[in-house]
Amino acid sequence: MSWWFTKLIQQLNRMMYMAGGVALFILLYVWSVLSASKTVEVPLEARIPEHPLFSLAEHSVYRFSHDLVAQVDHDVLGYVFSTQEWYWLKGLSLISQCLLWGVVVIGLLALTSAPIRRYGFSMVLMAAVVLNSRVFDLDNQASIHPWWALFLIIMPMLAVYVDIKKQLPMRPGQRLALIAYASQTGSAKRLAEQLHETAQSLLDVRCVSQLTTQQLLSYQKVFFVVSTQGNGDAPDTAHSFLRDIKKQTKSNIDTEFSVLALGDRTYNTFCAFGHQLTDLLRQKGFKLALPTQEVDRMDVSAVDHWWQQICGRFGIVSDTVSMQYDTFTVVSNECLNPMQTHRHVHRIRLYCSGARYRAGDLLAVQADETNEPERLYSIASYEKDYVELLVRRHLRPDGHVGLVSGRLSAMESGDFVKASIREHEAFHLVDDVPLIMIGAGTGLAPFVGFLKQKQAWQSQTPSWLIFGEQYAQYDDYFSHDLKALKHSGVLTRMDSAWSRSDGDYVQTLLKRHQAEVRQWLAQGAHIYVCGSREGFGNEVCHTLQQILSDTYFETRLHTDLY
């Protein structure tokens, strides 16, 4: 049976329960108030209408006027319904009838499809029985016994429940399918959520950090969208999930899975975590539904190939997958080191109404109007509607300029660029705690945003920036902003390592000040590192591993290395 049809039957089932529940409430409420009411004599018997509005067991209810509906037994006035109460009952009655008619209409449509014809027929029959009984129709002028009414409501619901639970290809409590994502820079999360919308809510979507093995087993199919970071490592959000999966003993598991592995082919560890996850799940007994699909720098053609196979299994009609971007307008573009002709760095300010982000988030810039891979840049600001970037004009070994960095560096005020905010959850500030920020080159960008966020918080905790570049006279980026932040007290300490001017490197500064680093950590500080992985990133992380205890290294260190 198609997953689409299975999901449809489940929705019909829920509608039946809701309609029956509302009908039961109306029946029991009216029965109880009529049975418990005290009566008084009616002054004028002639005022009693000829026919009751409805009868329930031995109780008859009449409409005396537009605003007066009351119980009358043997010319004695009983319970009087207030106007508000009566309209509430009428509203609930209408809701119940609409739900049942909805079941009838959708059930009739289901009769056109062979896989669910019998379910559609069962639904229509059960809904017709309840509708025909008119147990919740407060204007039917019919008499019905409460126990018979209860039977007419409960039995169809019970029949539907038994039929659905027996015939649908699912274990009790098992759900259809899940899109689970493990994201380091936000790209996997955004893609998973976009695919979820395309699936018309037939599939659940969750971060793997919120999943356990038992929760995974509650689904028939799980589709993973995962990225790889570092040297083939799992995203930070996946660590607890992996520990839980590894504890699972191998067994025959019904749950099927497939992995969409996001990566960058320029790295030797391209999509490594995606393949590691596939191997681990197969070792534990999960069944591979589709081969692992590799995706190079968010290549949408590869994503679409994988997704269309999934849609075919669920009977979903899906358009070709395409990444969603907003239009940003260039406000200004300034080259910060014009004398460094082979290493130009540009400070680019962009505007997009409604742009919202947190310090540490990224901006994904579309390469061009085709489906070329996007590029991610750290946001160097903290301001609604505006985004600032620190972009190095990249020169390839063959002398050609990088596609995205070249376009951005050449843009002028008024130009447009397609881009989207990517939530970088693993690199957000952990509350208002002391910060040690370590960056090199354009890795300075997110720390400007951190400091401006702390300024907006009116933070009183200290911040220490350790920055490395080549020349003090050429590469002192954001110098005006950083001086202002020092003057305001937000940036309490800054150390710079100029490799060509002074022969200093960030890792040498860390070794020189390791006692102070430990002291800051003892006061609750967190360390953030941003910059190129090769050279800078690997050396800094190695140095920090020597300086920090294992606990601090695992819990207080946050990296954004590229």
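Numbering starts at 1 and runs along the sequence shown.
- Applying the salt bridge (charged side-chain N to carboxylate O under 4.0 Å, His left out) rule to E383 yields the partners R349; only residues at least two apart in sequence or on another chain are considered.
- Residues satisfying the side-chain hydrogen bond (donor to acceptor under 3.5 Å, both in side chains) criterion with R392, sequence neighbours excluded, are E469.
- Side-chain atoms of Q514 come within 3.5 Å of backbone N or O of K511 as a donor-acceptor pair.
- Nearest approach of S183 to S227, heavy atoms of both residues: CA-OG, 3.9 Å.
- Take Y505 and apply the side-chain hydrogen bond (donor to acceptor under 3.5 Å, both in side chains) test, not counting sequence neighbours, and it matches no residue.
- Using a 4.5 Å heavy-atom threshold, the side chains of V517 and Y552 count as separate.
- Considering V208, L260, V205 as possible partners of Y181, the one that fulfils the side-chain contact (heavy atoms from CB on, under 4.5 Å) test is V205.
- Sorted by first and then second residue, the side-chain hydrogen bond (donor to acceptor under 3.5 Å, both in side chains) pairs with a member in residues 259-277 read D264-T266, H275-E294; sequence neighbours excluded.
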**Q.** Residue pair D204, Y219: steps toward the side-chain contact (heavy atoms from CB on, under 4.5 Å) verdict
**A.** CA-CA 10 Å; D204 296 337; Y219 289 92; 2.8 Å; yes
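- With a 4.5 Å cut-off on side-chain heavy atoms, F273 and L242 count as touching.
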Q) Between Q229 and D236, does a side chain to side chain donor-acceptor pair (under 3.5 Å) hold up when you go through it step by step? A) CA-CA 9 Å; Q229 70 147 340; D236 295 337; 3.1 Å; yes
Side chains of residues 536-545: which donor-acceptor partners sit under 3.5 Å, not counting sequence neighbours?
{"residue": "N538", "atom": "ND2", "partner": "R533", "partner atom": "O", "Å": "3.4"}
{"residue": "H542", "atom": "NE2", "partner": "Q546", "partner atom": "NE2", "Å": "3.4"}
{"residue": "T543", "atom": "OG1", "partner": "E539", "partner atom": "O", "Å": "2.9"}

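- D244 has its side chain out of reach of Q214: every pair of non-hydrogen atoms, C-beta onward, lies at least 4.5 Å apart.
- Formation of a donor-acceptor pair under 3.5 Å by the R393 side chain with backbone atoms of H346 is not found in this model.
- Evaluation of the salt bridge (charged side-chain N to carboxylate O under 4.0 Å, His left out) rule for K284 yields no partner, not counting sequence neighbours.
- Between the CD1 atom of I438 and the CD1 atom of I466 there is a distance of 5.0 Å, given to the nearest 0.5 Å.
- Counting only distance, with no hydrogens or angles, the side chain of R190 and the backbone of Q324 share a donor-acceptor pair below 3.5 Å.
- When the salt bridge (charged side-chain N to carboxylate O under 4.0 Å, His left out) test is applied to D504, the partners found at least two apart in sequence or on another chain are R512.
- Between the D304 side chain and the V321 main chain, a donor and an acceptor come within less than 3.5 Å of each other.
- Note that the CG atom of L350 and the CG atom of D385 stand 12.5 Å from one another [nearest 0.5 Å].
- Considering only residues two or more places apart in sequence or on other chains, R396 meets the salt bridge (charged side-chain N to carboxylate O under 4.0 Å, His left out) condition with none of them.
- Residues satisfying the side-chain hydrogen bond (donor to acceptor under 3.5 Å, both in side chains) criterion with K454, sequence neighbours excluded, are T461, S463.
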Q: Could you walk me through whether T327 and K418 pass side chain to side chain donor-acceptor pair (under 3.5 Å), step by step?
A: CA-CA 5 Å; T327 300; K418 293 288 187 179; 2.8 Å; yes
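- The CG atom of L389 sits 12.0 Å away from the OG atom of S405 when rounded to the nearest 0.5 Å.
- Expressed to the nearest 0.5 Å, how far CG of L288 lies from OG of S258 amounts to 6.0 Å.
- The 12-atom threshold is exceeded at NZ of K287, counting heavy atoms of other residues, nucleotides or ligands nearer than 6.0 Å.
- Between the side chains of T185 and Y562, no donor-acceptor pair is found at a separation under 3.5 Å.
- Side chains of F286 and V222 form no contact here, defined as non-hydrogen atoms less than 4.5 Å apart.
- Using cut-offs of 30° and 60° on the angle between ring planes, the pair F241 and F224 is tilted.
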(Q) Evaluate L451 against F478 for side-chain contact (heavy atoms from CB on, under 4.5 Å), listing each step before the verdict. (A) CA-CA 12 Å; L451 292 169; F478 282 94; over 6 Å; no
Q: Starting from the C-alpha separation in whole Å, work towards a yes-or-no answer on side chain to side chain donor-acceptor pair (under 3.5 Å) for Q220 and D254.
A: CA-CA 7 Å; Q220 283 209 331; D254 294 333; over 6 Å; no
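- In this structure, D560 and V529 have side chains that are not in contact, with every pair of non-hydrogen atoms separated by 4.5 Å or more.
- In terms of modelled atom types and a separation under 3.5 Å, the side chain of D361 and the main chain of R358 share a donor-acceptor contact.
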Q) Which is it for T198 and W307 under the side chain to side chain donor-acceptor pair (under 3.5 Å) test, yes or no, and what are the steps along the way? A) CA-CA 10 Å; T198 304; W307 181 242; 4.8 Å; no
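- Side-chain contact between I421 and I379: present, with at least one pair of heavy atoms (C-beta onward) separated by less than 4.5 Å.
- If you take CD on E374 and CG on L363, they are separated by 9.5 Å, rounding to the nearest 0.5 Å.
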Q: Could you go through the side-chain contact (heavy atoms from CB on, under 4.5 Å) check for L548 and R556 one step at a time?
A: CA-CA 10 Å; L548 310 182; R556 300 283 190 89; 5.9 Å; no
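- Without hydrogens or angle criteria, H196 side chain to L203 main chain gives a donor-acceptor distance under 3.5 Å.
- Applying the side-chain contact (heavy atoms from CB on, under 4.5 Å) test between V226 and each of L277, T237, L262 identifies L277 as the sole match.
- Remark: side-chain polar atoms of Q366 are not paired, donor with acceptor, to backbone N or O of A419 under 3.5 angstrom.
- The structure places SG of C271 at 9.0 Å from CD of Q293, a figure rounded to the nearest 0.5 Å.
- Ionic pairing of E388 and R347 is present here: one or more N-O contacts between side-chain nitrogen and carboxylate oxygen are shorter than 4.0 angstrom.
- For S353, the side-chain hydrogen bond (donor to acceptor under 3.5 Å, both in side chains) test picks out no residue, with sequence neighbours left out.
- The neighbour count for Q453 CD, taken as heavy atoms of other residues, nucleotides or ligands under 6.0 Å away, is above 12.
- Counting heavy atoms from C-beta outward, P434 and P462 have side chains that approach closer than 4.5 Å.
- Take Y351 and apply the ring-ring contact (aromatic ring centres under 6.0 Å, His included) test, not counting sequence neighbours, and it matches Y386.
- Residues V300 and T320 fail the side-chain proximity criterion, which asks for heavy atoms closer than 4.5 Å.
- Evaluation of the ring-ring contact (aromatic ring centres under 6.0 Å, His included) test over residues 426-448, restricted to residues two or more places apart or in two chains, returns H424-F427, F427-F450, F427-Y528, F447-F450.
- Ring planes of Y357 and Y382: perpendicular class, angle over 60° (limits at 30 and 60°).
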